[in-house]
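Here is the structure we will look at, set down as structure tokens.
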Amino acid sequence: MLLQRKDTVPIPYSVHVRQRGDRALRCSPFLPQLFRAMQQGSVALLEIAAHKGVEAGFTRSPLPALVVEAELDWLIQVGLLRREVDGQGLTDRYRLTPLGQSLLEELATQDWSASWGDRLQNLWNRWFHPSRM
């Protein structure tokens, strides 16, 4: 269960950032169950990859670990996820950022599917993202 302080103010994200994040979330190969699990705590890469991801309800079909990592890295670049850090550095565990939490709450009452236009725009954003240049 996530605890929120009553005196916290939501972070004001621009419309563009929220739209790009919403699109990336809906175009990802992951099912809502994965993001709900990330609301509760962190999820390890190997819990999402291969048949474990299907069994947990995180993906529709088995995905190789490299594909899962690439997809999760895109969601990090968009600002929806972050990797956990321990005393020795980055771990293989992921969790939602405040933007991811906010978008997931909005999507709980909306259609989760993405149109072909959304998919093309997401691909365009991903291909021409500043980190690739």
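Everything quoted here is computed from the prediction, not taken from an experiment.
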- Query: Parallel under 30°, tilted from 30 to 60°, perpendicular over 60°: which one fits the rings of Trp112 and Phe35?
  - Reply: tilted

Just verifying a value: how many Å separate [X] [atom1] and [Y] [atom2], rounded to the nearest 0.5 Å?
X      : Y      : atom1 : atom2 : value
Leu107 : Leu104 : CG    : CG    : 6.5 Å
Trp127 : Asn122 : CH2   : CG    : 14.0 Å
Arg83  : Asp92  : CZ    : CG    : 7.0 Å
Leu63  : Glu71  : CG    : CD    : 8.0 Å
Arg23  : Ser28  : CZ    : OG    : 13.5 Å
Leu96  : Gln40  : CG    : CD    : 10.0 Å

Donor-acceptor check, side chain of [X] to backbone of [Y], threshold 3.5 angstrom: yes or no?
X      : Y      : result
Arg82  : Arg95  : no
Arg93  : Ser42  : yes
Asp118 : Ser115 : yes

Nearest non-hydrogen partners of [X] and [Y], listed with the distance:
X     : Y     : result
Leu99 : Tyr13 : N-OH, 3.3 Å
Pro62 : Val54 : N-CG2, 3.3 Å
Leu46 : Lys52 : O-CD, 3.5 Å

- Arg119, CZ: over 12 other non-hydrogen atoms inside 6.0 angstrom: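 Count over threshold, so yes.
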
- Message: Do the side chains of Arg26 and Asp22 get close enough for a salt bridge, i.e. N-O under 4.0 angstrom?
- Response: yes

- Query: So Cys27 and Gln121, side-chain contact (heavy atoms from CB on, under 4.5 Å) or not? Walk me through it.
  - Reply: CA-CA 10 Å; Cys27 291; Gln121 182 66 44; over 6 Å; no

- Item | Within one Ile-Leu-Val-Met-Phe-Trp-Tyr cluster: Leu81 and Val17, side-chain cutoff 4.5 Å | yes

- Are Leu72 and Leu31 grouped together when hydrophobic residues (ILVMFWY) are joined by side-chain heavy atoms under 4.5 angstrom apart? no

- Item | Criterion side chain to side chain contact (heavy atoms under 4.5 Å, CB included) against Tyr94, the qualifying member of Leu80, Leu75, Leu45, Val68 |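 The residue from Leu80, Leu75, Leu45, Val68 that satisfies side chain to side chain contact (heavy atoms under 4.5 Å, CB included) with Tyr94 turns out to be Leu45.
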
